[in-house]
Amino acid sequence: MKYQGPRGTRDFYPAQMAWRNTLTSAWRKVAIRNGFEEIDGPTFELLDLYKVKSGEGIVSELFHFEDRGGRELALRPEFTPTLARMVAAEANSLPRPIKWFCIPNCCRAERPQRGRLREFLQWNADVIGSDQPVADAECIFLLVDLLAELGLRPEHVHVKISHRQTVRHILAKLGVPEDKMLAAFDLLDRRDKLQPAEFTAGAAQLGLDTFAVERFEQMCRRKYPADDLAHLCRSIGLDGHLKDLEILNEQLRAFGITPWCEYDLGIVRGLAYYTGVVFEVHEVSGAERAMAGGGRYDQLIELFGGPSLPAVGFGMGDVVLTNVLYDKGLIPENVLPSPDVFVVPASEQAVPRITPLVAELRRQGIHARFSYKTTLNVGKLLKEASTVQAAYALILDDRSAGGIVSLKNLRSGEQRDLPLSEVPAAVMRNK
RNA sequence: GUGAGCGUAGCUCAGUUGGUUAGAGCACGAGGUUGUGGUCCUCGGGGUCGGGGGUUCGAAUCCCCUCGCUCACCCCA
């Protein structure tokens, strides 16, 4: 093969494109019914924009280049900086809260592996301008709404929820000094990749004694079902510092999604800009990487030069999500658009009538197709109609001169003669 | 960027200790049963065996390099 697509990219042939459209339609539909408005921004930005929250180290993970004027640009690896820039620019004139979503393609210069490509789609939704837990809850509800829309159930996936301040408080109580807090978060985040001994050693370096290490360990491993905060409180010996979680919990209950949620204090999420609630969607067996992740980031808009605006949001990529749906057998067999009617000539005389008829049907909004084959063999033509999964075959023979045609329902096999003028209504009725 | 495993037709694979013009099924295309579909029959297009170099009389098969894919590490916004 002479030319190959670049590493980590995908070609979308009709079947893959049809699935991609199905998925993005679901994202869009669910976001809209949850009251979010769609936005988009440029595919590339000034490189500096991406350094704001992620630092210089991010550059090696980016596709970046220079324009002819020497400006340093980069393909977007995520949408949040663009979002922050857009909000900052118009902050004073936007009604609050701002509830926006988008479906950008994003590019990252990393080595592809399961669940990660160099170009992917990411559904983002954010609520900006509210510090109320109802905003956090609504983001989580939006996620659950989408998961359910795609056929997933609580036995397939969980929303794991944690809270930065709660975890911080617990760590402090266990004896982690303030200056080692970030290191503690890091250890928490990496716990599944470490050997038990390494974990213990890391915890000891944070200044924790054997007892505290054990509690630390226990805290990360334990999962607590949503709606049972009391249990969580008891088991970590904490009271009075769960206010946020308590209110969130009430909201989750009111939204009716507690069966999908669990508290997992081991969820930290990479970078330090999250300030409150954090959450991830995981396939229950834990075999896949996170299907979505997000949380509250109350200082981020300000960091990008905007006013001080509290915000909460998440991102969900198409790659892991599709993997999980595939494994659960939830990818529909065929989502390619199929014709409403396939027009078939059954006599020499009917041939010139085909294209004008198809044109008229299409003008009426009917998906109509015909064969490029020259044969009049009805069997062959019906086979083609059936291959493309047409709902009806419209068969024209000599009687079509008098306006009489045969309409065959290709699913039931039932066939009847009717005047040509009644065909559009008959086809649309079953659409 | 690092490491491991794998590269034979669009897909799934076969190819007997290296031995003639590299095969099958599915898919795709053309026809047949002179007018009704997932069947059947015939024929066909398509592979420089990922690419390059080496060993050999002879390489899909053995060796080296390279590219790509997969999985993991780094990172995960």
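Predicted model, so just to flag it, every value in this text is computed and none were measured. Keep in mind that the numbers below use all heavy atoms, side chains included, and drop hydrogens, waters and symmetry copies. Naming convention: chains lettered A, B, ... in sequence-line order (proteins, then strands); numbering from 1 in each chain.
Contacts of A:Leu381 with the nucleic acid, taken as non-hydrogen atoms under 4.0 Å apart, are absent. Nucleic acid contact class of A:Gly115 (heavy atoms, under 4.0 Å, all strands): none. Among the atoms of the strands shown, none is found under 4.0 Å from any heavy atom of A:Glu384. Backbone-only engagement by A:Arg7 is indicated by non-hydrogen atom pairs under 4.0 Å involving sugar-phosphate atoms exclusively. Nucleic acid contact class of A:Leu410 (heavy atoms, under 4.0 Å, all strands): base. Across all strands, A:Gly315 comes closer than 4.0 Å to no nucleic acid atom at all (heavy-atom distances).
Every side-chain contact (heavy atoms from CB on, under 4.5 Å) that A:Phe44 has, sequence neighbours left out, goes to A:Phe65, A:Leu73, A:Leu75.
In this structure, B:G7 and B:C67 make a Watson-Crick or G-U wobble pair, each of the two defining distances being under 3.5 angstrom. B:G37 is unpaired under the criterion used here, namely a Watson-Crick or G-U wobble arrangement in which both key atom distances are under 3.5 Å. Pair check for B:U2 finds B:A72; Watson-Crick or G-U wobble, both atom distances under 3.5 Å.
When the P atom is compared between B:A30 and B:C73, the two are found 49 Å apart, to the nearest whole Å. Between B:U48 and B:C11, the two P atoms lie 13 Å apart (nearest whole Å).
Put simply, CG on A:Asp186 is 12 Å from C1' on B:C76, counting in whole angstrom units. One interatomic measurement links the two molecules: OH of A:Tyr273 to P of B:C76, which rounds to 11 Å at whole-angstrom precision. For the pair A:Gln389 CD and B:G37 C1', the computed distance is 13 Å after rounding to whole Å.
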Every protein N/O within reach of nucleotides 31-33 of chain B N/O, cut-off under 3.5 Å:
unit_1: B:G32; atom_1: O6; unit_2: A:Lys380; atom_2: NZ; d: 2.9
unit_1: B:U33; atom_1: O4; unit_2: A:Asn377; atom_2: ND2; d: 3.4

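Comparing A:Gly379 and A:Glu110 against RNA chain B, the residue whose closest nucleotide sits nearer the 5' end is A:Gly379.
The base of B:A77 sits with one of its N or O atoms less than 3.5 Å from a complementary donor or acceptor on the side chain of A:Arg108. For B:C76, its base sits under 3.5 Å from the side chain of A:Arg289 at one donor and acceptor pair at least. Residue A:Arg114 places no side-chain atom within donor-acceptor reach of the base of B:U70, judged by atom type and a 3.5 Å distance cut-off alone. Below the 3.5 angstrom threshold, one finds no donor paired with an acceptor across the side chain of A:Gln113 and the base of B:U70.
The side-chain tip of A:Arg164 points at the ring of A:Phe185 from less than 6.0 angstrom away and within 45° of straight on.
Here the nucleotide nearest the side chain of A:Lys383, chosen from B:A77, B:G37, B:G35, is B:G37. The side chain of A:Arg111 approaches B:U2 more closely than any other nucleotide in the set B:U2, B:G35, B:A72. Of the candidates B:G37, B:C74, B:U70, the closest approach to any side-chain atom of A:Arg190 belongs to B:C74.
For the pair A:Leu265 and A:Val167, the tightest heavy-atom approach, listed with the atom from each and the gap, is O-CG2, 3.9 Å.
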